[in-house]
There are 2 protein chains.
Amino acid sequence: MSAREHIQRRPTMAAQVAEKVAADIKRGRYQVGEIVPSEAQMEQMYGVGKATIRTAMAELKHMGLIETRQGKGSIVISTGGAVPPVTISRAIQRNGKGSWFLPEMTEAEAPAITRTSLDGPPAVHLDQQDQDAISVDRMVYDPNTGTRMAHRTLIPLATAAVAPSLAEAPEAPTSEIYDQLTQAGFTLSFTEFVTARAPFPDERMALGLDDAAPLLIAYRVTADAEHDRPLLCEEVRAPAATCQLAFSLAPTRTPAKRSTRRRSESA
Amino acid sequence: MSAREHIQRRPTMAAQVAEKVAADIKRGRYQVGEIVPSEAQMEQMYGVGKATIRTAMAELKHMGLIETRQGKGSIVISTGGAVPPVTISRAIQRNGKGSWFLPEMTEAEAPAITRTSLDGPPAVHLDQQDQDAISVDRMVYDPNTGTRMAHRTLIPLATAAVAPSLAEAPEAPTSEIYDQLTQAGFTLSFTEFVTARAPFPDERMALGLDDAAPLLIAYRVTADAEHDRPLLCEEVRAPAATCQLAFSLAPTRTPAKRSTRRRSESA
DNA sequence: TATCATTTGTTCGTATGTATC
DNA sequence: CGATACATACGAACAAATGAT
């Protein structure tokens, strides 16, 4: 058992160990749900120090292949080629009478309503830097898997001014928010922006993320189609390791004229 | 200068240092583009060991706040509340005559055409596990920022069989692929799935990612709307630290009947 | 061009804390 | 309680890149 498996030092040894273990997982040498050899065993297997093994294991955690549990071991949770188990539909539906329907989400707690100053991406997307807004924060989860997601609705006071019913019940379901904007005379259009990053410490707490897997972040901007004026911004944050977002894309009719809205403001 | 700044030990000391530095960056104590104190200096500042500082810096790298360069130092690249500089439009447009228009992308190299066996998410989305397909790989980049993205088009042989022109020129622009599918009699519908994860070593190489920032991954599935049969799958991989995907959402008309296509197959 | 101080990257060893069984 | 295993932290050494001398 102590024949050290062949690794040289070209990239880093930690990277080589990580790649080796990842390959072993993909090949099925380590099965999903099983525990890989302990760190001490791997030190012997590969003839490297503890720090090297820990770096390799950290990389495997980030790639979403394993999950480490203190006192127990490192468990294989994916072979790397799997579809995330939770699909979050971002579909927007509307019936003949003009009412809106959105995929349902289960709330984990009562929504928290606060007054905030717009900042960061929402402020940019709403084009209302430092303006005030009503923020409705919800913790949502998938009943099947228990995966938690954070949902935030930002209603600028400027929007509440032209649709006063929003300020009265900002915690209403999103479909009702859309209904009220429609009744206020707006023709709604939606644009969604998606990116990802590692979670901040407070986000790891709130979402119950044990590992260091990235966070999927989506901003849905609801605008008045007539004047291209942004009215509302919703933010969703979900663990990327277990979630994927689903969009139904409808081709837009366009004459030969090129109207590609490009925003490449290099920071 | 050696007055150690106050930190206790309740979360981890590394996490506290990371949070402290992140707060300092957000507050503007360390400006974007500037170099934060060296690791040796931080050891003195906080009275902790080198490993602790390195763990903290690694966390900041994952959050996309700093970039470290050997021999130079750690540079602040973002305050954390910024919109990614590169916006990748996923819009699909069509003119009156039925031709398709897609946002243009600049190719870094000639496309690589290979024959592969479908596996992983594309196989699931195309519902063609282990079937053969033509794979067209492109390396694309944003001229403004130089950000590189990987693009892959997967044409199942089953689809090439019903639209033979695809196999003759699989490296054609995507809009022409859509044109040919339309001419073959299909009514196209599109669904996009988005997730993220840490890149594998080979992906870091190909995309030129220095740090450990996550990778945004999107699969666009083109289907025949009449029979709900998947025809084509495109995959885009882009560094999430600098990119966001943009979707224009069109509400679909729906009667009262609930037709939410749900896929929560718990792995 | 060559050298050198600075700074991060990698690796090792060791010790202690803490969760699991 | 004790053995196992991961988590955290300290210290030390050398490698490699950078920039100034």
Side-chain angles (χ1 to χ4, degrees), chain A residues 1 4-5 7-21 30 33-62 65-77 201 204-205 208-212, chain B residues 1 4 7-21 30 33-62 65-77 201 204-205 208-213:
Chain A
M1 74 270 259
R4 69 185 268 176
E5 319 209 2
I7 53 173
Q8 304 108 31
R9 100 163 36 195
R10 186 84 85 263
T12 72
M13 295 170 76
Q16 288 179 63
V17 171
E19 204 156 357
K20 181 79 170 63
V21 175
Y30 305 135
E34 291 303 310
I35 294 180
V36 301
S38 77
E39 297 182 354
Q41 285 175 315
M42 286 200 183
E43 288 176 39
Q44 297 298 315
M45 285 170 62
Y46 299 107
V48 296
K50 175 162 186 146
T52 305
I53 295 296
R54 285 197 65 77
T55 301
M57 301 306 274
E59 203 173 324
L60 293 172
K61 272 194 285 189
H62 285 294
L65 296 183
I66 65 168
E67 214 174 83
T68 58
R69 286 223 261 268
Q70 191 175 165
K72 206 170 175 192
S74 299
I75 307 169
V76 180
I77 57 174
R204 263 214 298 277
M205 272 282 295
L209 304 174
D210 341 85
D211 46 4
Chain B
M1 67 248 284
R4 67 186 271 176
I7 54 174
Q8 303 106 32
R9 93 164 41 196
R10 183 45 101 241
T12 71
M13 296 170 75
Q16 288 179 64
V17 172
E19 204 155 356
K20 181 80 169 62
V21 175
Y30 305 134
E34 291 302 309
I35 293 180
V36 301
S38 75
E39 296 181 357
Q41 285 174 315
M42 287 201 183
E43 288 176 41
Q44 296 297 314
M45 285 170 62
Y46 298 106
V48 298
K50 172 166 181 154
T52 304
I53 296 294
R54 287 197 63 78
T55 302
M57 300 306 274
E59 203 172 324
L60 293 171
K61 273 193 286 188
H62 285 295
L65 297 183
I66 64 168
E67 216 174 81
T68 57
R69 286 224 260 267
Q70 191 175 164
K72 206 172 175 191
S74 299
I75 307 169
V76 180
I77 57 175
R204 264 214 299 277
M205 272 282 294
L209 303 175
D210 340 87
D211 45 5

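All figures in this text were calculated on a predicted structure; none of them were measured in a lab. By convention in this document, chain letters (A, B, ...) are assigned in the order of the sequence lines, proteins followed by strands, and residues within each chain are numbered from 1. Note that these values count all heavy atoms, side chains included, but never hydrogens, waters or copies made by symmetry.
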Inset, instruction - Any salt bridge (Lys or Arg N to Asp or Glu O under 4.0 Å) involving residues 48-60 of chain B? Give me the pairs, sequence neighbours left out, ordered by first then second residue. - result: A/R204-B/E59, B/E39-B/R54
Inset, instruction - Using heavy atoms to find the nearest nucleotide of DNA chain C for B/R69 and A/G49 separately, return the residue whose nucleotide is more 5′. - result: B/R69
Inset, instruction - Quick one: look up who C/dC21 pairs with, Watson-Crick or G-U, both distances under 3.5 Å, and put none if it's unpaired. - result: D/dG2
Inset, instruction - Have a look at B/L60 and tell me which of B/V76, B/V36, B/V21 forms a side-chain contact (heavy atoms from CB on, under 4.5 Å) with it. - result: B/V21
Inset, instruction - Please state whether the phosphate of D/dA7, meaning OP1 or OP2, lies under 4.0 angstrom from any side-chain nitrogen or oxygen of A/T68. - result: yes
Legend entry - Spacing of B/I35 atom CD1 relative to C/dT6 atom P, expressed in whole Å: 15 Å
Inset, instruction - Let me know the distance between CD of B/Q70 and P of D/dA17, rounded to the nearest Å. - result: 6 Å
Inset, instruction - Measure from CD1 on A/I75 to P on C/dT20 and round the result to the nearest Å. - result: 11 Å
Inset, instruction - State the CD1-CG distance between B/I77 and B/L65, to the nearest 0.5 angstrom. - result: 7.5 Å
Legend entry - Atom pair distance, as rounded to whole Å: CD1 in A/I66 and C1' in D/dA7: 14 Å
Inset, instruction - Measure from NZ on B/K50 to P on D/dA15 and round the result to the nearest Å. - result: 14 Å
Inset, instruction - Round to the nearest Å and state the distance from A/I53 atom CD1 to C/dG13 atom C1'. - result: 14 Å
Legend entry - Distance in angstrom units between A/E43 CD and D/dT4 P, rounded: 15 Å
Inset, instruction - Remember a base hit wins even if backbone is also touched, and classify B/R54 as base, sugar-phosphate or nothing at under 4.0 Å, heavy atoms. - result: base
Inset, instruction - Would you please confirm or rule out a distance under 4.0 Å between OP1 or OP2 of C/dG9 and any side-chain N or O of B/K61? - result: yes
Inset, instruction - Tell me whether the OP1 or OP2 atom of C/dT10 has a side-chain N or O from A/T52 closer than 4.0 Å. - result: no
Inset, instruction - Specify the separation, in whole Å, of atom CD of A/E59 and atom C1' of C/dT10. - result: 13 Å
